[in-house]
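Read the structure below first, then the notes.
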Amino acid sequence: MSKDASDSAQRDKDDRVRHPLAMETLVSLCAARGFIYPSSEIYGGIAGFWDYGPLGVELKNNLKAFWWRRMVRERDDVVGIDSAIISHPRTWEASGHVEGFSDPMVDCRTCKRRFRSDQVEGERCPEAPKKRAIVDCDLTESREFNLMLRTELGASVDESTTAYLRPETCQAIFSGFKRVRESARKKVPFGIAQIGKAFRNEITPRNFTFRSREFEQAEMEFFCHPSESEQWFQHWREVRLQFHKDLGIDESLLRTRPHAEDELAHYARAADDVEFLFPFGWQEIEGVHDRGDWDLSRHSEFSGKELAVTDEETKERFTPTVIETSVGIDRTTLALLVAAYCEEELENGESRTVMRFHPALAPIKATILPLSKKLAEPARAIQRDLRSHFNVFYDDAGNIGRRYRRQDEVGTPFCVTYDFDSQEDGCVTVRERDSMAQQRIPIEGLRVHLSDRLEAAS
Ligand code: GAP
């Protein structure tokens, strides 16, 4: 190993020491508390597919809403769409996916498994893990394996009915560019954004939801004059890094990494990854790409439709350059779970697990806890009053300490206790998750009190 490579391996090792959370701990918390669990679990699961439970869907929806707010609602120069998952098959010829979206694979003649050629080094054979490294298995020559998931449309099954589940959400943005620009009366520079499912037949889905076969992307394609592409690339790089910091992720767990020339995708002229420090090392959660005019030119060529624009002032006709921001919603959700996880020793010698989610992302904003089941009626009335404003949970099972712990473990920022004094003084106790500080608050001002705190944090 060269000195550079050994320095970098040492740095990776140091980084992992800084991040002592074991993935198994997080995976079991996620299943036990209803964040994320294997899809079709009762049948033994299906590799690369995951279901989000009652808390997971809230967390993911909050993340998507935050992205939409920042990328679409708060900007004059970006509009949103929601396109079909299946596009005309020519789309994928134009995009280069039919020809080039593949991984080099090798098969083992003995255990009949398939591996990515670039991952066999150092990996153990799953059939004989102690005895044999994969490189020593009975391997075939490396072959290209297309990662798109196919399906058939209509009743007959032949090549003409083959369609693909989209491997990325952006292609419908390119094919719909003219329609959206004209209907929204937008002028270049402007962007089109969407959030949606994407599918890839990953050969080795791994690291929980990190590499899945079905996942969600939030992508924004920004169309600009070629002479402004560098300036917009810088702009979006900074905006997107700041977005991840604003999610409450500690800066020490984030970095950007420019792609080397030989790493660039076929369409990219430049690319920067936003990386997060997972327990399994630094990994990409988002890519910012300068795609040049590849997409619009190719779709123009394959569809025969003109996609160039005219600058109204100079009358110059040009094909816009695209700067893309593409973030994985599932990967970022996983990063949020990793970043939030915390085990703490308390002053009384007990310990607690607490998910320190940013309040704007926390699945439950407040939980109402009546001190006794006899107090259900007034406590339920508080829940009813709050629930049209934010997600509020109700828990009357077990002693109050255990109920606090349960809420800490799912990251609820506020617990509201209704006790026997509440009937007399018209107040409840609000306990804050991170500091565990408690404050007596009048019930009539509770909604505003909680809203102010949630708003202040977003
Ligand atoms: N349109 C460009 C594009 O799709 P990409 O780097 O292949 O670029 C963008 O994907 C983001 O999508 C990644 O940064 C990652 O967060 C997410 N992503 C890609 N493949 C994924 C997978 N198999 N499982 C989960 N997320 C994935």
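First listed ligand is number 1; within each ligand, the first listed atom is number 1. Because the structure is predicted, anything quoted here is derived from the model rather than measured.
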Using a distance-only test with no angle check, is there a side-chain donor-acceptor pair under 3.5 angstrom linking [X] and [Y]?
X	Y	answer
Gln407	Thr367	yes
Asp51	Ser39	yes
Thr321	Ser229	no
Glu168	Ser326	no
Glu316	His225	yes

Original post:
Excluding sequence neighbours, so at least two apart, what forms salt bridge (charged side-chain N to carboxylate O under 4.0 Å, His left out) with Arg181?
Top reply: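 With sequence neighbours excluded, Arg181 shows a salt bridge (charged side-chain N to carboxylate O under 4.0 Å, His left out) to no residue whatsoever.
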Do any N/O atoms on [X] end up under 3.5 angstrom from N/O atoms on ligand 1?
X	value
Arg211	no
Phe215	no
Phe210	yes
Glu202	yes
Ser212	yes
Ile285	yes

By number and element, which atoms of ligand 1 are closer than 4.0 Å to a non-hydrogen atom of [X]?
X	answer
Glu324	1 (N), 2 (C)
Cys170	1 (N)
Glu219	1 (N), 2 (C), 3 (C), 4 (O)
Glu286	14 (O)

**OP:** Would you kindly check if the NZ (Lys) or CZ (Arg) of Lys60 is within the cone defined by 45 degrees around the ring axis of Tyr52 and under 6.0 Å from the six-membered ring centre?
**Re:**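 Yes.
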Original post:
Is Glu202 salt-bridged to Arg213, going by a charged N under 4.0 Å from an acidic O?
Top reply: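 Salt bridge absent between Glu202 and Arg213.
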Original post:
Going by an N to O cut-off under 4.0 Å, is there a salt bridge joining Asp103 and Arg200?
Top reply: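 Salt bridge between Asp103 and Arg200, a charged N being under 4.0 Å from a carboxylate O: no.
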Original post:
Aromatic ring centroids of Phe243 and Phe66 under 6.0 Å?
Top reply: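 Yes.
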**OP:** State, with a plain yes or no, whether a side-chain heavy atom of Pro167 is found less than 4.5 Å away from one of Trp92.
**Re:**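 Pro167 reaches Trp92 side chain to side chain.
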Subject >> Closest to atom 7 (O) of ligand 1 among Arg200, Glu168, Arg166 (heavy-atom distance) >> reply: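 Shortest heavy-atom distance from atom 7 (O) of ligand 1: Arg200.
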Original post:
Among Arg331, Glu216, Arg291, His289, whose heavy atom sits nearest atom 8 (O) of ligand 1?
Top reply: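 The nearest heavy atom belongs to His289.
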I need the nearest protein heavy-atom contact for [atom]: residue, atom name and distance, please.
atom	value
atom 6 (O) of ligand 1	Glu284 OE2, 3.1 Å
atom 12 (O) of ligand 1	Gln217 NE2, 3.2 Å
atom 9 (C) of ligand 1	Ser326 OG, 3.0 Å
atom 17 (C) of ligand 1	Gly328 CA, 3.7 Å

**OP:** Using a 4.0 Å heavy-atom cut-off, say whether Tyr267 meets ligand 1 through its side chain, its backbone, both or neither.
**Re:**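 It is the side chain that gets close, since no backbone atom is under 4.0 Å.
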